[in-house]
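Structure, as structure tokens:
Since we're looking at a predicted model, the values are computed, not measured.
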Amino acid sequence: MKAVISVTGKDNVGIIAGVSTYCAQRGANIIDITQSVLQEYFAMIMLAEIDRLSIPFSQFVDELTALGREKGLEIHTMHEDIFNTMHHI
Amino acid sequence: MINTADILETINMIRQENLDIRTITMGISLFDCVSDDKKRLCANIYDKITGKAERLVKTGEEIEKEYGIPIVNKRVSVTPVSLIGGRHDEDVYIEIAKTLDRAAKTLGINFIGGYSALVEKGFTEGARRMIDTIPEALACTERVCSSVNVASTKAGTNMDAVNLMGRVIKKTALLTKDADSIGCAKLVVFANVPQDNPFMAGAFHGLGENECAVNVGVSGPGVVASAIRRAGNCDLSSLADIIKKTAFKITRVGQLVATEASNRLGVPFGIVDLSLAPTPAIGDSVARILEEMGLECCGCFGTTAALAMLNDAVKKGGVMASSHVGGLSGAFIPVSEDEGMIHALEAGCLRMEKLEAMTAVCSVGLDMIAIPGDTDEAVISGIIADETAIGVANTKTTAVRVIPVYGKGPGENVSFGGLLGYAPIMDINTVSPLRFISRGGRIPAPIHSLKN
């Protein structure tokens, strides 16, 4: 199972480091990252394998949201299937 | 890797444009609960509902979390109670209503549907007794929803039932007068009622259904309105395409949630209801879609055409996205539950007659309309008769959910709270159809019902 982690907010030092460190601690394996910075606005999308998470997925979602809030970022973590079903036939 | 723009589009739909799953409704058959003993009957009903739907709310919340899509309501619909009560007296029907209410509270769901009767051709004795108890049942319960089907294209219209329902609605308004006659907000009169509708107040678990089924109702008026806004000044062919594409995406999410819920609950998937169901929240309105299409205000001339096109495009877009489509499937036009409708009413642009015309091309009917408390019961029966005629003649579902708010008149406001919303009371034509209504009997089925 894969999760899509989207991170948006004001650009700052260490955003990718913060999120990827958290993922590593929890056993989520990052398999792809795209990121862009438009003026001061930062947008990153990560695809992570979550089969070996050390905590329940719902807790992973909550903790990432909280991590985002701490750093003034919006982090949404969602099962990849919602995007696959919506955008692929 | 999934396209970044697609991901951001989905997130934007959910966060900014109010995309949600409006309801996961579990349909549960109560046929095997029947008993001559009233205590056993109620115990069977309670045990079956709370057993089958035990994990409904929790499973809904898990799916919500995992996929990041809000699932606003988790609900239960049951076999029409008039078919379960059998020879029992009125007081037992009331006990059944209280049992349903208790089960809903145990499960933590906000509505349970199925205090219903199907009388399009005539009344069984049980159905007659059950309908007589509707006002009291709605007054002494909080979460029970009731519906009565009084007409179908195949059977014609049972005008005795139409006549009766005028009285039932008035009595329900009286018995719930302390809460602005809210009982009437939980009572729908139908023509061509669908058997697998997941939306309240008209949901029940039909006769040819599985023992248990999961039906899902999607929503997303805000998403459609935003897509139209972004399209700018394109022609209507292009606009129809944009609506179809948007409806497709919305419905795919509904199908995903329905499949997941069905797997996790171990209950067969029934249908996805492709609906644009509004709420009183800003940015979640069907009326505002019509205005985005180019109307100055919903209710002006052109509204029926715009709604017809919207309704058709929603179905065309949604149908390919789901393996089984059912329920009501189309655009809803409730008044008190739609911020844009309320605005149109307050602006004096939306009248009852225009709403009636709109129901010929939308998915349901005259829905959540507050009318003066002193409206004569024959006038309410007249509203029902007109609405059923539209449904029967057009082979579509129509419905009436009007609230004659006790003690209040035109222009006064009424608030039902939550998703049921608020509205000013509509001034309506009060000239009497009494002699026509009280003739009783049946309006014969139309010629085009003879399809064999």
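Checked by atom type and distance alone, the side chain of B:Asp338 never pairs as donor or acceptor with a backbone atom of B:Pro278 at under 3.5 Å.
A 6.0 Å sphere centred on NZ of B:Lys105 holds more than 12 heavy atoms belonging to other residues, nucleotides or ligands.
The most heavy-atom pairs under 4.5 Å with chain A, out of B:Met13, B:Arg15, B:Met320, come from B:Arg15. Looking only at heavy-atom pairs under 4.5 Å with chain B, the residue among A:Met78, A:Glu80, A:Glu74, A:Lys2 that has the most is A:Met78.
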**Request:** Start with the C-alpha distance between B:Arg230 and B:Glu292, add both sets of side-chain angles, then the distance that settles salt bridge (Lys or Arg N to Asp or Glu O under 4.0 Å), and finish with yes or no.
**Result:** CA-CA 10 Å; B:Arg230 279 193 296 271; B:Glu292 207 59 68; over 6 Å; no

**Item:** Verdict with reasoning, B:Glu17 to B:Arg288, per salt bridge (Lys or Arg N to Asp or Glu O under 4.0 Å)
**Value:** CA-CA 13 Å; B:Glu17 298 167 357; B:Arg288 296 295 187 193; over 6 Å; no

**Asked** Can you check salt bridge (Lys or Arg N to Asp or Glu O under 4.0 Å) on A:Asp81 and B:Arg252, steps first, answer last?
**Response** CA-CA 10 Å; A:Asp81 277 355; B:Arg252 288 280 277 189; over 6 Å; no

**Request:** Verify side chain to side chain donor-acceptor pair (under 3.5 Å) between B:Thr10 and A:His87, making sure each step is shown before the conclusion.
**Result:** CA-CA 9 Å; B:Thr10 301; A:His87 299 287; 2.7 Å; yes

**Item:** Steps toward side chain to side chain donor-acceptor pair (under 3.5 Å) verdict (B:Arg143, B:Asn110)
**Value:** CA-CA 6 Å; B:Arg143 304 182 187 192; B:Asn110 63 351; over 6 Å; no

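Here the side chains of B:Val319 and B:Ser329 are not in contact, with every heavy-atom distance at 4.5 Å or above.
Side chain to side chain, B:Asp241 and B:Ser238 fail the donor-acceptor criterion of an N or O pair below 3.5 Å. Side chain to side chain, B:Asn215 and B:Thr25 fail the donor-acceptor criterion of an N or O pair below 3.5 Å.
Within residues 9-23 of chain A, no residue has any heavy atom less than 4.5 Å from a heavy atom of chain B. The interface of residues 52-65 of chain B with chain A, defined by heavy-atom distances below 4.5 Å, comprises B:Lys65. Taking 4.5 Å as the heavy-atom cut-off, the residues of residues 58-67 of chain A that approach chain B are A:Ser58, A:Val61, A:Asp62, ordered by number.
Residue contact with chain A, scored on non-hydrogen atoms closer than 4.5 Å, involves the side chain of B:Glu9 exclusively. With a threshold of 4.5 angstrom between heavy atoms, A:Ile89 approaches chain B through its backbone and through its side chain.
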Return all side-chain donor-acceptor pairs below 3.5 angstrom for residues 44-53 of chain A, not counting sequence neighbours, or 'none' if the list is empty.
| from | atom 1 | to | atom 2 | distance (Å) |
| --- | --- | --- | --- | --- |
| A:Glu49 | OE1 | A:Asn29 | ND2 | 3.4 |
| A:Asp51 | OD1 | A:Met1 | N | 2.7 |
| A:Asp51 | OD2 | A:Met1 | N | 3.1 |

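Nearest heavy atom pair, residue B:Gly222 against residue B:Asp284, reads N-OD1, 4.1 Å. The minimum heavy-atom distance linking B:Cys362 with B:Ile333 is given by the pair SG-CG1, 3.7 Å. Nearest heavy atoms, B:Leu239 versus B:Cys234: CD1-SG, 3.8 Å.
A salt bridge is defined here as a Lys NZ or Arg NE, NH1 or NH2 lying under 4.0 Å from an Asp or Glu carboxylate O, and B:Asp312 with B:Lys316 meets this definition.
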